[in-house]
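As structure tokens, the structure follows; a few thoughts come after it.
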Amino acid sequence: MLLLVSLVRRSCLVIFSVVLVWTSPARGDLALRYNQPAERWVEALPVGNGRMGAMVFGGVDKEHLQLNEATLWSGAPRDWNNPGARDILPQVRNAIFAGDYVGAGELCKKMQGPYNESYQPLGDLYLTFPSNEYVGYERKLDLDRGVTSIRYRQGNATFTREIFSSFPDQVIVVRLSCDKPAQLSFRASLNSLLHHRTEAALADGRKAESSSNSSVLVLVGKCPVHVDPSYLHSADPIRYEDEGEGMTFDLRVQAIAQGGTVTCDGSVLSVENADAVTLLISAGTSFNGYDKSPTKQGRNPAVEALRPLTAAQARTYPDLLSRHLADYQALFRRVDINLGRADGASSRTIDERLIHFAQGEPDPELCALLYQYGRYLLISSSRPGGLPANLQGIWNDSMRPPWSSNWTLNINAQMNYWPAEVANLSECHEPFFDFIEELAVNGRKTAEINYGAHGWVAHHNADIWAQTAPVGDFGGGDPVWANWAMSAPWLSQHLWEHYAFSQDKNFLRTRAWPVMKGAAEFCLDWLVEDTEGHLVTAPSGSPELAFNTPDGKHASISMACTMDMSIIWDLFTNCIEAASVLDVDRPFAAKLETARAKLYPLKIGSRGQLQEWFKDFAEVDPHHRHTSHLFGVYPGRQITPATPGYFAAALRSLELRGDDGTGWSLGWKINFWARFGDGDHAYRLVRNLLRPVGGKTSKSSGPGGGVYPNLFDAHPPFQIDGNFAFTAGVSEMLLQSHLGELHLLPALPAAWPTGYVSGLRARGGFEVASLTWKDSKLTGVSLKANSSGNYRVRYGSEAAEIKFEKGKTISLDSHLKPLN
Ligand code: FUC
């Protein structure tokens, strides 16, 4: 019991004094450590600046950096809309209303467009050294510095490599050094899976005439004009047009040596007897925007690569490093988290820790590490001015990556951004807003051409060209996923959430509202009345799950799936609130209120579960990875303790689905259990998500997802959304703010009895200056508000109105003493 309780009982307005400057306790050990080089890609360590990424393997005689550039994609803008869809839509609806769900699905195929394009791997840098004999090997990724490093000894010399991807300088930096002089000799070469050639260049970019004055190795290449998705079995999945369309690129590596010599013959860059070497890796592509041909209207990739390289050449290594640290730590150090300690655990390598944790040994620091790794990955894969993190963030070594490494919009792309606001990386959310605005432009055409509807629509998949039509190659995609049309309202939630956390009305007015309103306009046109006067979506599918039809068949398309209804409820509710905050479009908001009241209602099924479809159909796969019908629990706010019947039914649905699933599915379930206030059940999913998958020393210990040795989330295969959902989920266990109040420690598991967190953000414009707990009880909290006013703060079943002052940190500590 806390004094907070008695404050509520006296129902007085409490004005807390402004005190407490939060001094962060020493930051925990935030490194992923290994005592051997990576053999496989999922053992290598990622660095990234939002645009340029590298997977660092750390081999002693052969270092390998697998490189990426976020804008390198196959294809070009094209017309994917399907004018024929307009005539099919009424036929689909007739079939659905007649109960012919299989027939409706078949008809849906006729509304599809082409498949989306694929994210492409840039290339590989190899460094070959004379000797593979070593002792004292250590490889690590230091999350607090955003630097990966390798250290080993050969004879009496200690060699060190430090690698980071700099956002301020837009290059990847590799520093090789040794504690003895003239010991660094190696050969560097570049390769790429894409069509390419290499050449030598001078430091100023001109082509080198002789090897002796060249210090830059250049690889120029071209992407295919089309790459089929990995799941498509086709005769000709990768198509190039050598003289025609296809993105071009330029990758260059420059060696700057202290002592020794540097030469480049056009295929190998050689360094001999140097004391230390800085390699600068730069890349540019001809990408010039989602709506521009990368050949006819493209940028000059050589210019794009040379600009940052020229600027970086003029800086010393310490300068490059300190600029990187200043930029990176300004974001990363905003959140500090400690979930407790277990003796000895953190001194082990990650591979060992995963195994011990899976065997039941406590390792709360591993949970905190994975939490911060999610933040590291977001900072490294999503920066203002760039593209949003795709299915693999920015790290991909394949020309046909899983699901094209695209933006899959029925859960995955949104999930990538769940931690952005709460885990205090709001800026990293920005590329997603830009992308959503592009989809809104293209989606307006798709809505009009395909469906004769206002507003904007997007479907299951998007690519760098902001593809908005349903994919499937005009009939080849399964409508269970391909025809899902609810991306626009779900994506709009992200802009609203940015406002909710930041209280930035200018953003709400100028950027969020047009996107939200356009999505709502589409929904108003897309909804039709059923025979009882309810508004339903038709066609409608619950991603990506089929149901058993009353006549014993499998189908996926019907009407008013719960997810559709909850997403639209969410959008309309957010729009109504936005119109009120901005005092705009009141008649439109009134229309939305009327429509919201008529939405097909949520239903409770025969097993006490929240119905997934408009009828109580049985799932073809009762343990399916998607839990779409629970959108209203998370990330929505329709199903809460204020709707106890639906809340209980949703919880029952989650129990029926079980505790397994793909990586991202496990991550979503952490968030659900947090919202259900069950910290121990959320922790069970935390444990499942940390299952070791497919390492050299670790075998998959479950049927579903987990993490690889480099802590990349395993769908499997690697998919980054599970990493981000983990960070969001743990945040949600410690702080919630979706119900118009700040809820402290809403789902603390018994496994984390003592800990603290600082830097989490909450809707309403709050930031946690500190939150501490001991013996599973809240022991201290101080909060900072970005506006003045009263706000409710809850701990357990008790709540108090707190008066906040703009910009001031309010400590509640003195009011949290146990009463007895
Ligand atoms: C959807 C999911 C898959 C995977 C893919 C990228 O199709 O059902 O599990 O996450 O997206």
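These numbers come from a predicted model, not from an experiment. One is the number of the first residue; the rest follow in order along the sequence.
Nearest approach of Gly541 to Cys561, heavy atoms of both residues: C-SG, 3.5 Å. Heavy-atom minimum distance, Ile604 versus Ala649: CG1-CB, 3.8 Å. Nearest heavy atom pair, residue Cys223 against residue Tyr240, reads C-CE2, 3.6 Å. Across all non-hydrogen atoms, the minimal contact from Gly50 to Ile394 is O-CG2, 3.6 Å. Looking at every heavy atom in both residues, Ile96 comes nearest to Pro539 through CD1-CA, 3.5 Å. When all heavy atoms are compared, the tightest approach of Ala466 to Asn442 is O-ND2, 2.9 Å.
His196 is not listed as a side-chain neighbour of Val220, based on a closest heavy-atom distance of 4.5 Å or more. Within the 4.5 Å cutoff, side-chain heavy atoms of Asp242 are placed close to those of His195. Side-chain contact between Asn483 and Met111: present, with at least one pair of heavy atoms (C-beta onward) separated by less than 4.5 Å. Put simply, the side chain of Arg657 reaches to within 4.5 Å of the side chain of His629, judged on heavy atoms. Looking at Thr446 and Trp456, their side chains never come closer than 4.5 Å, going by heavy atoms from C-beta outward. Using a 4.5 Å heavy-atom threshold, the side chains of Leu599 and His534 count as separate. Within the 4.5 Å cutoff, the side chain of His626 has heavy atoms near those of the Glu544 side chain. For the pair Pro294 and Asn288, the minimum side-chain heavy-atom distance is 4.5 Å or more.
Each of Thr248, Asn300, Thr71, Leu72 was scored for a side-chain contact (heavy atoms from CB on, under 4.5 Å) with Ser286, with one residue passing: Thr248. Of the listed residues (Asn412, Asn461, Asn390), just one forms a side-chain hydrogen bond (donor to acceptor under 3.5 Å, both in side chains) with Asn406, and that residue is Asn461. The side-chain contact (heavy atoms from CB on, under 4.5 Å) test with Trp526 singles out one residue from Val457, Leu535, Leu89, and that residue is Leu89.
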Check the pair Lys603 / Lys615 against side chain to side chain contact (heavy atoms under 4.5 Å, CB included), numbers first and verdict last. CA-CA 8 Å; Lys603 300 232 161 148; Lys615 287 190 175 165; over 6 Å; no

Would Thr468 and Trp80 count as a side chain to side chain donor-acceptor pair (under 3.5 Å) here? Give the steps. CA-CA 8 Å; Thr468 47; Trp80 42 67; 3.2 Å; yes

For Gln493 and Asp570, run side chain to side chain donor-acceptor pair (under 3.5 Å): C-alpha distance rounded to whole Å, both residues' side-chain angles, the deciding distance at 0.1 Å, then the answer. CA-CA 8 Å; Gln493 188 195 49; Asp570 192 76; 3.2 Å; yes

What verdict does the salt bridge (Lys or Arg N to Asp or Glu O under 4.0 Å) test give for Glu117 and Arg78, after you've listed the backbone C-alpha separation in whole Å, the side-chain angles of each residue and the deciding distance to 0.1 Å? CA-CA 11 Å; Glu117 294 300 337; Arg78 61 185 161 155; 3.4 Å; yes

Please step through side chain to side chain donor-acceptor pair (under 3.5 Å) for the pair Tyr417 and Ser382, ending with a clear verdict. CA-CA 10 Å; Tyr417 287 91; Ser382 187; 2.6 Å; yes

Residue pair Leu582, Tyr499: steps toward the side chain to side chain contact (heavy atoms under 4.5 Å, CB included) verdict: CA-CA 12 Å; Leu582 297 173; Tyr499 163 73; over 6 Å; no

Side chain to side chain contact (heavy atoms under 4.5 Å, CB included), that's the test. Do Leu524 and Glu521 meet it? Break it down for me. CA-CA 5 Å; Leu524 286 176; Glu521 283 167 340; 5.6 Å; no

Criterion side chain to side chain contact (heavy atoms under 4.5 Å, CB included) on Val536 and Val528, from CA distance to verdict: CA-CA 5 Å; Val536 301; Val528 289; 3.8 Å; yes

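Taking 4.0 Å as the cut-off between side-chain N and carboxylate O, Arg607 and Glu619 count as a salt-bridged pair. Ion pairing between a basic and an acidic side chain is recognised when a charged N comes within 4.0 Å of a carboxylate O; Arg383 and Glu430 show no such pairing. At a threshold of 4.0 Å, the pair Arg86-Glu448 counts as salt-bridged, since one of the basic side-chain nitrogens sits closer than that to a carboxylate oxygen. Using a cut-off of 4.0 Å between Lys/Arg side-chain N and Asp/Glu carboxylate O, Arg637 and Glu577 are scored as salt-bridged. Residues Arg400 and Asp228 are not paired through a salt bridge, judged by the lack of any N-O separation under 4.0 Å between the basic side chain and the carboxylate. Ionic pairing of Glu304 and Arg51 is not present here: no N-O contact between side-chain nitrogen and carboxylate oxygen is shorter than 4.0 angstrom.
How far CZ of Phe718 is from CG of Asp397: 10.5 Å, rounded to the nearest 0.5 Å. Distance check, rounded to the nearest 0.5 Å: NE2 of His554 to OG of Ser556 gives 11.5 Å. Taking OG1 of Thr627 as the start and CG of Leu610 as the end, the distance is 11.5 Å to the nearest 0.5 Å. Going from atom CE of Met486 over to atom OG1 of Thr537 covers 5.5 Å, rounded to the nearest 0.5 Å. Asp616 contributes atom CG, which lies 4.5 Å from atom CD of Gln611 (distance to the nearest 0.5 angstrom). Between the CD atom of Glu69 and the CD atom of Gln120 there is a distance of 12.5 Å, given to the nearest 0.5 Å.
Summarising the local packing, NE2 of His454 is surrounded by 12 or fewer heavy atoms from other residues, nucleotides or ligands at distances under 6.0 Å.
At least one cation-pi condition fails for Lys222 and Phe249: the charged atom is not both under 6.0 angstrom from the six-membered ring centre and inside a 45 degree cone around its axis. Both the sub-6.0 Å distance and the 45° axial angle are not jointly satisfied by Arg511 relative to the ring of Trp496.
Classification of the Tyr451-Phe522 ring pair by plane angle, with boundaries at 30° and 60°, yields tilted. Note on ring orientation: taking the six-membered ring where Trp is involved, the planes of Phe631 and Trp490 are perpendicular (angle over 60°, cut-offs 30° and 60°). Relative orientation of the Tyr600 and Phe614 rings is perpendicular, given thresholds of 30° and 60° on the angle between their planes. In this pair, Trp407 and Phe435 present their aromatic rings tilted. The plane angle is within the 30 to 60° band.
When ring centroids are compared, His460 and Trp481 come within the 6.0 Å threshold. In this structure, His494 has its ring center no closer than 6.0 Å to that of Phe433. In this structure, Phe507 has its ring center closer than 6.0 angstrom to the ring center of His498. Ring centroid separation for the pair Trp395 and Tyr119 does not come in under the 6.0 Å cut-off.
Checked by atom type and distance alone, the side chain of Asn82 never pairs as donor or acceptor with a backbone atom of Asn450 at under 3.5 Å. A donor-acceptor pair under 3.5 Å is absent between the side-chain atoms of Asp585 and the main chain of Phe588, judged by distance alone. With hydrogens and angles disregarded, a donor-acceptor distance shorter than 3.5 Å links the side chain of Glu245 to the backbone of Thr295.
Using modelled atom types and a 3.5 Å distance limit, the side chains of Thr643 and Gln638 yield no donor-acceptor pair. Thr562 and Glu612 form no side-chain donor-acceptor contact under 3.5 Å, judged by distance and modelled atom types alone.
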